[in-house]
Amino acid sequence: MAIPANDALAPGAQSRSWLPLPLDVVILFAGLLGLYGMTVYRLLQDDSGGLWSQGEHSHGPIMLSLALWLLVNRWREQAAAGELPLKGQGWAWPVMALGMALFASGRALGIIYFEVGSFIPMLASVVLLIGGTPLLMRLKFPVFFAIFMVPLPGFLLDPISHFIKLRISIVVSELLWAFNYPISHTGVVINIGPYQLLVADACAGMRTLFMLEAMGIFYLNVFRHSSWVRNVGLALLIVPISFVANMIRVLFLTLITFHFGDEAGQGFLHGFAGIVLFTSAMFLMMGIDTLLRVASRRFESRAGKEAQA
């Protein structure tokens with residue numbers, strides 16, 4: 001479907017309008033949202049076992065919101081610059097057919113990963129219908145970022161999660177042992193004083209690491225550093241930053257349980273530990289980003305002096 005030429009706004013009008021969408025484009029997005037409305041509703045239902053209502057997958061709504069926010073903001077940037085193409089591309093239909101096939105099979109067979117994952121090709125097909133490949137290339141990151149909202153299948157991630165939880169259990173146990181705490185671990189079970197703590201997926205598993213990875217990628221894209229040293233450095237350090245943030249959360253819960261009892265560790269403060277996780281991850285990200293900024297300036301300054309010499 002191609003948008004008629006007379007529907008396109010003049011460049012001056014585009015710069016004044018933050019979302020210059022013709023009626024048929026609005027209908028496309030409304031249809032997309034309507035199609036997945038029931039899916040989102042089921043994912044959020046606590047009484048019916050919706051995945052997004054569970055701690056291990058609760059990042060899904062956040063990732064979806066961030067993806068849509070990025071999509072709108074990138075669209076605004078293109079419209080303000082007068083670079084918004086309004087010419088569709090025919091091969092958007094095969095992409096939409098792929099999305100519909102995934103959606104239908106996921107709904108019929110009860111495979112939620114297919115049903116939710118089909119949103120990405122469906123969103124890409126709508127963008128292709130509106131502006132073809134040029135528009136999709138400009139909006140590729142928001143479309144790609146939507147993949148982080150898809151619930152992760154346990155059979156793929158459980159082995160990796162177990163390895164991560166085991167490493168975190170070892171690090172936390174050795175660290176607190178160095179400070180004379182009566183602590184040991186058996187696999188992913190931490191024994192401290194009279195208490196036992198299971199390092200669960202919601203605390204330090206691959207799903208939590210996956211969520212922090214998404215936040216790191218989001219941080220990189222939003223700030224758009226011009227220095228390749230900062231971009232490459234942060235990209236490489238996202239994994240260790242996420243690991244350290246998970247370790248800080250488990251360390252926090254272990255200390256709370258030891259000093260204030262099991263009820264405190266499993267009550268309000270357990271939920272508060274999630275805030276600790278995000279806060280520590282963001283502070284680590286910003287702190288390392290600051291160090292990389294200083295390093296990149298020194299590197300660029302040295303490179304400039306050598307070039308002049």
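We count residues from 1, following the sequence as given. Everything numeric here is computed off the predicted structure, so don't read it as measured data.
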Does Met247 reach the side chain of Val172, with side-chain heavy atoms less than 4.5 Å apart?
yes

Does any part of the side chain of Phe163, heavy atoms only, come nearer than 4.5 Å to the side chain of Leu166, both counted from C-beta?
no

Report yes if some heavy atom in the side chain of Met96 is under 4.5 Å from a heavy atom in the side chain of Leu129; otherwise report no.
yes

Any side-chain heavy-atom pair of Lys140 and Arg74 under 4.5 Å:
no

Indicate the atoms forming the closest heavy-atom contact of Leu197 with Leu253, along with that distance.
CD2-O, 4.0 Å

Who pairs with Arg167 by salt bridge (Lys or Arg N to Asp or Glu O under 4.0 Å), at least two apart in sequence or on another chain?
none

For residues Ala92 and Leu128, report the shortest heavy-atom separation together with the two atoms involved.
CB-CB, 3.4 Å

Look at the rings of Trp69 and Phe218 and say which category their plane angle falls in: under 30° parallel, 30 to 60° tilted, over 60° perpendicular.
tilted

Taking every non-hydrogen atom, the tightest pair across Pro121 and Val95
O-CG1, 3.3 Å

Those residues at least two apart in sequence (or on a different chain) that pass side-chain contact (heavy atoms from CB on, under 4.5 Å) with Phe141 are Leu70, Phe144, Phe145, Ile217, Asn221

With heavy-atom distances below 4.5 Å as the criterion, would you say the side chains of Leu43 and Ile112 are in contact?
yes

What about Phe103 and Phe119, are their ring centers closer than 6.0 Å?
no

Could you list the donor-acceptor pairs under 3.5 angstrom formed between side-chain atoms of residues 178-190 and any protein atom two or more places apart in sequence or on another chain?
residue: Tyr181; atom: OH; partner: His259; partner atom: NE2; Å: 3.0
residue: His185; atom: ND1; partner: Gly187; partner atom: O; Å: 3.1

So for atom CE, which belongs to Met38, do other residues, nucleotides or ligands contribute more than 12 heavy atoms lying within a distance under 6.0 Å?
no

